[in-house]
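Step one of this worksheet: look at the structure below.
Being a predicted model, the structure only gives us computed values, none of them experimental.
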Amino acid sequence: EVQLVESGGGLVQAGGSLRLSCAASGFTVDDYAIGWFRQAPGKEREGVSCISSSDGSTYYADSVKGRFTISYDDAKNTVYLQMNSLKPEDTAVYYCAAAGLRSSWYLIVRPEYDYWGQGTQVTVAS
């Protein structure tokens, strides 16, 4: 059974940092692209970043470029999202998701991703 479990969310002051983890089971991250999405109250889910462990390609939304870094650890079958210089507008539930490598995963759009975690709350206080 494919499963993605996010962790690492919490409450942080503006300018602070958090590292989110996405632990995968039932498949290896080598075979999929992993994306991070977020959804704030009353807003649509938006793509934040994604990575393909097959060649290390990474993509970021403009709103997080230079502040967020996505990475993976093959040994732990886990993908991370390091978030620095956090802003109140980064407040949202963050989800990780997996997409087949033949999909347009690099677009970081919801329809391209097949498997989803349950989400972790990130709250940035001003």
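Within the model, atoms CG of Leu20 and OG1 of Thr78 stand 12.5 Å from one another, a figure rounded to the nearest 0.5 Å. Note: Leu101 CG to Ser52 OG = 5.0 Å, rounded to the nearest 0.5 Å. Atom OG of Ser25 is separated from atom CG of Leu4 by 7.5 Å, given to the nearest 0.5 angstrom. Rounded to the nearest 0.5 Å, atoms CZ (Arg38) and CZ (Arg45) are 13.0 Å apart. From Thr58, atom OG1 reaches atom CZ of Phe68 across 14.5 Å, with rounding to the nearest 0.5 Å. Atom OG of Ser49 and atom CD of Gln82 lie 12.0 Å apart (nearest 0.5 Å).
Placement of Ile70 and Tyr72 within a single hydrophobic cluster is found when ILVMFWY residues are connected by side-chain heavy-atom separations under 4.5 Å, directly or transitively. Using a 4.5 Å cut-off between side-chain heavy atoms of Ile, Leu, Val, Met, Phe, Trp and Tyr, with links allowed through other members, Tyr80 and Met83 fall into different hydrophobic clusters. Ile34 and Tyr106 fall into different hydrophobic clusters, defined by Ile, Leu, Val, Met, Phe, Trp and Tyr side-chain heavy atoms under 4.5 Å apart, directly or through other members. Phe27 and Val5 fall into different hydrophobic clusters, where Ile, Leu, Val, Met, Phe, Trp and Tyr residues are linked whenever their side-chain heavy atoms come under 4.5 Å apart, directly or through other members. Tracing side-chain contacts under 4.5 Å through hydrophobic residues (I, L, V, M, F, W, Y), one never reaches Tyr95 starting from Val122; they form parts of separate clusters.
Pairing each heavy atom of Ser21 with each of Trp36, the nearest pair is O-CH2, 3.6 Å. Ala40 and Ala92 make their closest contact through N-CB, 3.8 Å (heavy atoms, listed as atom of the first residue, atom of the second, distance). The two residues Ser57 and Asp55 have their closest heavy-atom pair at OG-OD1, 2.8 Å. The two atoms that bring Ser85 and Ser17 nearest to each other are N-OG, 4.3 Å, heavy atoms only.
Using a 4.5 Å heavy-atom threshold, the side chains of Arg67 and Lys87 count as touching. Under the 4.5 Å side-chain criterion, counting only non-hydrogen atoms from C-beta, Thr69 is in contact with Tyr60. A 4.5 Å side-chain heavy-atom check between Leu81 and Val79 finds every atom pair outside the cut-off. Within the 4.5 Å cutoff, no side-chain heavy atoms of Tyr94 are placed close to those of Glu6.
For Trp105 and Tyr59, the gap between ring centers is short of 6.0 Å.
A donor-acceptor pair is defined here as one N or O able to donate and one able to accept, closer than 3.5 Å; such a pair exists between the side chain of Thr91 and the backbone of Val124. Distance alone, capped at 3.5 Å, is enough to place a donor-acceptor pair between the Glu112 side chain and the Ser104 backbone. In this structure a side-chain-to-backbone donor-acceptor pair under 3.5 Å is present from Asn77 to Ala24.
In this structure, Phe37 and Trp116 have tilted ring planes: the angle between them lies in the 30° to 60° band. Between Tyr115 and Tyr32, the ring planes lie perpendicular to each other; the angle is over 60°, past the 30° to 60° tilted range.
Applying the disulfide (SG to SG under 2.5 Å) test to Cys50 and every residue at least two apart in sequence or in another chain returns nothing.
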